[in-house]
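Quick notes on the structure that follows.
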Amino acid sequence: MPRKHKKKKGRAALPLFLLIWGIAALAMWVPAVHALVIDDHQTSQSFFYSGILGLMLVAVIGLSLGDKVPQYGMPGQLLSLLATFVVLPVFLAMPVSDALGNTRFLNAYFDMVSAITTTGADIYNDPMRLPPSLHLWRGMVGWMGGLLMLIAASAVLAPLSLGGFEVTARGEPGKRAAIPFVEQGNARRLLGVVTKNLAPIYIGLTFVLWLLLIVVGDTSFVALVHAMSVMSTSGISAIGGLENGNSGLGGEMIIFLFMFFAVSRLTFSTDTLITGARRLDQDPEFRLGLMFILVVPLMLFLRHWLAAFEVDATSDFGQALRSLWGSLFTVLSFLSTTGFESSDWDAAQRWSGLETPGMILIGMAMVGGGVATTAGGVKLLRVYALYLNGMREMERLMHPSSVSGEARGRQRLQRNGAYVAWVFFMLFALSLAVISTTLSIFGANFEQALILSIAALSTTGPLIDLAGSAPIQLDILAAPAKMVLCVAMVLGRLETLALIALLSPNLWRS
């Protein structure tokens, strides 16, 4: 009888995590060199020795494992993502804690979790407190976290029908979709192909944005940190925000264009609602996002214009244009979960005397960007699925016997897709309630608990400074509250469905 050959399953779990750890250790030498160039020898030593320690640990662990690596395949890669967001920040925080010297390790860990999940919640409120090399490191960690999620979306979450792909994918959430490499059991090969295709695009766009920001007036260092922050949607800044830079309106216009990459996944994914459609104007995510970007600023502008009319300030045409631009830029920034504030965002308040409600920014951050992008939030694709389902239900109220006339490529979206999207909304609301309640137990008032929870779950850290009546001081929060926020940021980055899938025995048997 012919001998049966067992299919090889892709090695994933621990080796992938070790690979990410090794890359992070090597990356530490970049701020080490930067600190050496600017004569900050203490910071340089902290990063240099931490990098050496990290590489030694990776080498020792790798040699001790040998060929005894668990064969977990696709579920193991999902587990590696979880370990990257929970365990790796302990290592990433070591040089931060050592270089500052006057900070608790928990604060450094919180800052690294915030950076690698692309949340960008700044626990160190004063930018002058951190050396320039630490600002560079925070931007790099956020940038690498964005690249990791961009690759994981197509190589890990899409095959498992998670991360928004459950709305249109052929498989059910937590089950493998029909992808050739995954069917053959070679999950690592799929990861390599996706990385080879996406990493050059991500790096190239970051480089182009960096050069453009330098051209319009930013220093090389500030432009680099802002370019990495925009592409990763982390919102990390070395100078406390765009309003403190030298690029001005020109820089904001350039950043405005690059933030559109977080609105649509059309560039990075073929799992679209309209089968075979590659045109941007046919992408439902892009059209829905464009509607938000146009309608919400116009509503804000009309509100402020009516208030300005009452105080006879409508003749200031320049102030009106600045108000409109500030609303347009800031709405897109928070819709993409980047969180940069336009320098003209306050112009509307000075023009009309009315405050701009933070609830608008909270709503935009919760909606979030596109699937398979670096943006967080609920994702536009799920919102679109619920919109189509709502329109269909209204049609059935008027014509109970009608048959859907939607295109064939949207049939799954109307049925199972809307149902799964609604389940995700319920899980998001439940997570929000639990985290808000827990933060209230540890001393936060209702407004603070709600803003902190939404900022963490939507990975939009700047909400903490802009959404409330006053900025929230993260450094004075109780230690348990900081740990709760760390859990919330990881939960918001990986999403609840992915964590539930990890607990499913069926996923590990498949």
Polar side-chain atom of Ser327 near backbone of Pro297 as donor-acceptor pair, under 3.5 Å: no
Got a second to check how far Met259's CE is from Ile255's CD1, nearest 0.5 Å? 7.0 Å
Begin from the C-alpha positions of Ser436 and Ser453 and carry the test side chain to side chain donor-acceptor pair (under 3.5 Å) through to its verdict. CA-CA 6 Å; Ser436 299; Ser453 301; 3.0 Å; yes
For Ser343 and Glu252, which I'm curious about, is there any donor-acceptor pair between the side chains at under 3.5 Å? yes
From Trp137 atom CH2 to Ser46 atom OG, the distance as rounded to the nearest 0.5 Å: 12.5 Å
Validation row: Val225, Ser237 side chains within 4.5 angstrom (heavy atoms): no
Within the side chain of His135, is there an N or O that forms a donor-acceptor pair under 3.5 Å with the backbone of Pro127? yes
Any Ile123 side-chain heavy atom under 4.5 Å of Lys482 side chain: yes
Heavy atoms, side chains only, cut-off 4.5 Å: are Phe292 and Leu380 in contact? yes
Under 3.5 Å: donor-acceptor pair, side chain of Asp218, backbone of Asn246: yes
Interatomic spacing from CG in Leu328 to CG in Leu300 - rounded to 0.5 Å: 10.5 Å
A side-chain contact here means heavy atoms from C-beta on lying under 4.5 Å apart; do Leu81 and Phe17 qualify? no
In this structure, are over 12 heavy atoms from other groups packed under 6.0 Å from Tyr387 atom OH? no
side-chain contact (heavy atoms from CB on, under 4.5 Å), that's the test. Do Phe329 and Phe340 meet it? Break it down for me. CA-CA 9 Å; Phe329 178 91; Phe340 277 138; 4.2 Å; yes
Does Ile236 offer a backbone N or O that forms a donor-acceptor pair with the side chain of Ser229 under 3.5 Å? yes
Around atom CE of Met291, are there more than 12 heavy atoms of other residues, nucleotides or ligands at under 6.0 Å? yes
Phe105 CZ: over 12 foreign heavy atoms closer than 6.0 Å: yes
Do the side chains of Pro131 and Leu100 get nearer than 4.5 Å, heavy atoms only? yes
Picking from Thr118, Thr459, Thr117, Thr119, what satisfies side-chain hydrogen bond (donor to acceptor under 3.5 Å, both in side chains) with Arg493? Thr118
Mind telling me whether Phe260 and Phe256 have parallel, tilted or perpendicular rings, with 30° and 60° as the class edges? perpendicular
Ignoring hydrogens and geometry, is there a side-chain-to-backbone donor-acceptor pair from Ser114 to Phe110 under 3.5 Å? no
Is there a donor-acceptor pair closer than 3.5 Å between any side-chain N or O of Ser458 and the backbone N or O of Val378? no
Can you confirm whether Leu157 sits close enough to Gln77 that some side-chain heavy atom of one is under 4.5 Å from a side-chain heavy atom of the other? no
Roughly how far, to the nearest 0.5 Å, is the CG atom of Leu242 from the CD atom of Glu341? 9.0 Å
In terms of side-chain heavy atoms, does Tyr124 have a donor or acceptor partner in Thr103 at a distance below 3.5 Å? yes
Side chains of Thr43 and Pro31 in contact at under 4.5 Å (non-hydrogen atoms): no
Does a donor on one side chain and an acceptor on the other come within less than 3.5 Å for Thr330 and Ser342? no
If we ignore hydrogens and angles and just use 3.5 Å, is the side chain of Glu447 paired with the main-chain N or O of Ser469 as donor and acceptor? yes
Thr206 side chain to Trp143 side chain, donor-acceptor N/O pair below 3.5 angstrom: yes
Would you say Arg104 has more than 12 foreign heavy atoms packed within less than 6.0 Å of its CZ? no
Does CE in Met299 sit with more than 12 non-hydrogen atoms of other residues, nucleotides or ligands closer than 6.0 Å? no
4.5 Å side-chain heavy-atom contact, Met56 and Ile52: yes
Spell out, as yes or no, whether a donor-acceptor pair under 3.5 Å connects the side chain of Ser50 to the backbone of Met94. no
Would you say the rings of Phe47 and Trp29 are close, in the sense that their centroids are separated by under 6.0 Å? no
Between atom CG of Leu106 and atom CG of Asp475, what is the distance when rounded to the nearest 0.5 Å? 11.5 Å
Does the pair Lys379 and Glu495 meet the rule for a salt bridge (charged side-chain N to carboxylate O under 4.0 Å, His left out), with working shown? CA-CA 11 Å; Lys379 303 293 173 57; Glu495 298 188 349; 3.5 Å; yes
